[in-house]
Amino acid sequence: MTTADTHLRSSEVEPLVRGKTWEEMKPGTSFRTAKRTVTEADLVQFVTWGGFNEALFFDASHAAAGGYTGRLVPGAMVYCIAEGLIIQTNVLNGTGLAFMSMELSVKKPVYVGDTLHAIVTTTESRATSKPGRGVVTATVSVRNQHDEEVLVFTPVRLIRGADYEEAQR
């Protein structure tokens, strides 16, 4: 490392982390995120913030009467945690342009205390009609601490290409 030059412009300094371009997201490639344990505080904050005023999430005896064996976590929260874990990998840092669509399927219940991670597999990557952009589709398998698949979603994203040019202001 050299002595810092306080007169450098931000545009002259490379980012420490750069996300992948659509061309780098080749079909069939996979990566795994870090892990995160779901806490009671997470559940309470999410259901309160999101207005998920459902007895399944607030009333342990109601959930138990339905056959659940712990504090049940909404599928929407599991999705949000997985999406956050993906973003934390920096795979989209500076290259993501838009979240276009997805399909989602809940496979198994998630409970407070479960530890989640995601496996992301690119299934399609193609150029758009506009230069410097591509559409990337992936399958995201969210797994618990037993490596059981608890949720699957298939995001379709607009991603910068290697030849992307920023709009002039």
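Keep in mind the model is a prediction, meaning the values are calculated, not measured. Numbers here simply count residues along the sequence, with the first being 1.
From Asn144, atom CG reaches atom CD of Glu149 across 10.5 Å, with rounding to the nearest 0.5 Å. Between the OG1 atom of Thr115 and the NE2 atom of His146 there is a distance of 9.0 Å, given to the nearest 0.5 Å. Separating the CE atom in Met25 from the CZ atom in Phe31 is a distance of 7.5 Å, to the nearest 0.5 Å. The structure places CG of Asp114 at 10.0 Å from CG of Leu72, a figure rounded to the nearest 0.5 Å. If you take CZ on Arg143 and CD on Glu148, they are separated by 10.5 Å, rounding to the nearest 0.5 Å. With rounding to the nearest 0.5 Å, the separation of CE in Met100 from OG1 in Thr137 is 8.0 Å.
By the criterion of side-chain heavy atoms lying less than 4.5 angstrom apart, applied directly or through intervening Ile, Leu, Val, Met, Phe, Trp or Tyr residues, Leu116 is grouped together with Phe52 in one hydrophobic cluster. The hydrophobic cluster containing Val73 also contains Tyr68, counting ILVMFWY residues as joined when their side-chain heavy atoms lie under 4.5 angstrom apart, directly or transitively. A chain of hydrophobic side-chain contacts below 4.5 Å, direct or via other Ile, Leu, Val, Met, Phe, Trp or Tyr residues, connects Trp49 to Val78. Val156 and Ile86 fall into different hydrophobic clusters, where Ile, Leu, Val, Met, Phe, Trp and Tyr are joined by side-chain heavy atoms under 4.5 Å apart, directly or via other members. Residues Leu92 and Leu97 fall into different hydrophobic clusters, defined by Ile, Leu, Val, Met, Phe, Trp and Tyr side chains chained together at heavy-atom separations under 4.5 Å.
You'll find the side chain of Val135 reaches within 4.5 Å of the side chain of Leu158, heavy atoms only. Between Thr154 and Ser101, every side-chain heavy-atom pair lies at or beyond the 4.5 Å cut-off. Phe46 is not listed as a side-chain neighbour of Phe57, based on a closest heavy-atom distance of 4.5 Å or more.
Residue Glu103 qualifies as open at atom CD: its count of foreign heavy atoms under 6.0 Å is 12 or below. For Arg18, the CZ atom sits in a packed shell: over 12 heavy atoms of surrounding residues, nucleotides or ligands are nearer than 6.0 Å. Heavy atoms of other residues, nucleotides or ligands lying less than 6.0 angstrom from CD of Glu165 number 12 at most.
Between the Ser125 side chain and the Trp22 main chain, a donor and an acceptor come within less than 3.5 Å of each other. Side chain of Asp59 to backbone of His62: a donor-acceptor contact under 3.5 angstrom is found. Between the side chain of Asn93 and the backbone N or O of Val17, at least one donor-acceptor pair lies under 3.5 Å. A donor-acceptor pair under 3.5 Å is absent between the side-chain atoms of Thr139 and the main chain of Thr121, judged by distance alone. Judged by distance alone, the side chain of Glu23 and the main-chain N or O of Ala162 form a donor-acceptor pair under 3.5 Å.
Residues Glu166 and Arg160 are paired through a salt bridge, judged by an N-O separation under 4.0 Å between the basic side chain and the carboxylate.
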Check step by step if side chain to side chain contact (heavy atoms under 4.5 Å, CB included) holds for Tyr111 and Thr69. CA-CA 8 Å; Tyr111 300 102; Thr69 59; 3.6 Å; yes

Worked check of side chain to side chain contact (heavy atoms under 4.5 Å, CB included) between Gln88 and Thr33: CA-CA 8 Å; Gln88 290 169 30; Thr33 68; over 6 Å; no

Working note: Arg157 + Phe99, criterion side chain to side chain contact (heavy atoms under 4.5 Å, CB included); need CA distance, chi angles, decisive distance, verdict. CA-CA 5 Å; Arg157 303 178 199 269; Phe99 188 100; 3.4 Å; yes

Set out, in order, the CA-CA distance, both residues' side-chain angles and the distance that settles side chain to side chain contact (heavy atoms under 4.5 Å, CB included) for Arg36 and Asp42, then state yes or no. CA-CA 11 Å; Arg36 184 185 191 295; Asp42 294 331; 2.7 Å; yes

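Remark: of the listed residues Leu151, Val38, Val142, Val38 is the sole one forming a side-chain contact (heavy atoms from CB on, under 4.5 Å) with Ile81.
Residue Gly96 comes nearest to Ile159 through the heavy atom pair CA-CD1, 4.0 Å, listed as atom of the first residue, atom of the second, then distance. Taking every heavy atom of both residues into account, Leu43 and Pro74 meet most closely at CD1-CD, 3.6 Å. Across every non-hydrogen atom of Leu104 and Met102, the tightest pair is CD1-CE, 3.9 Å.
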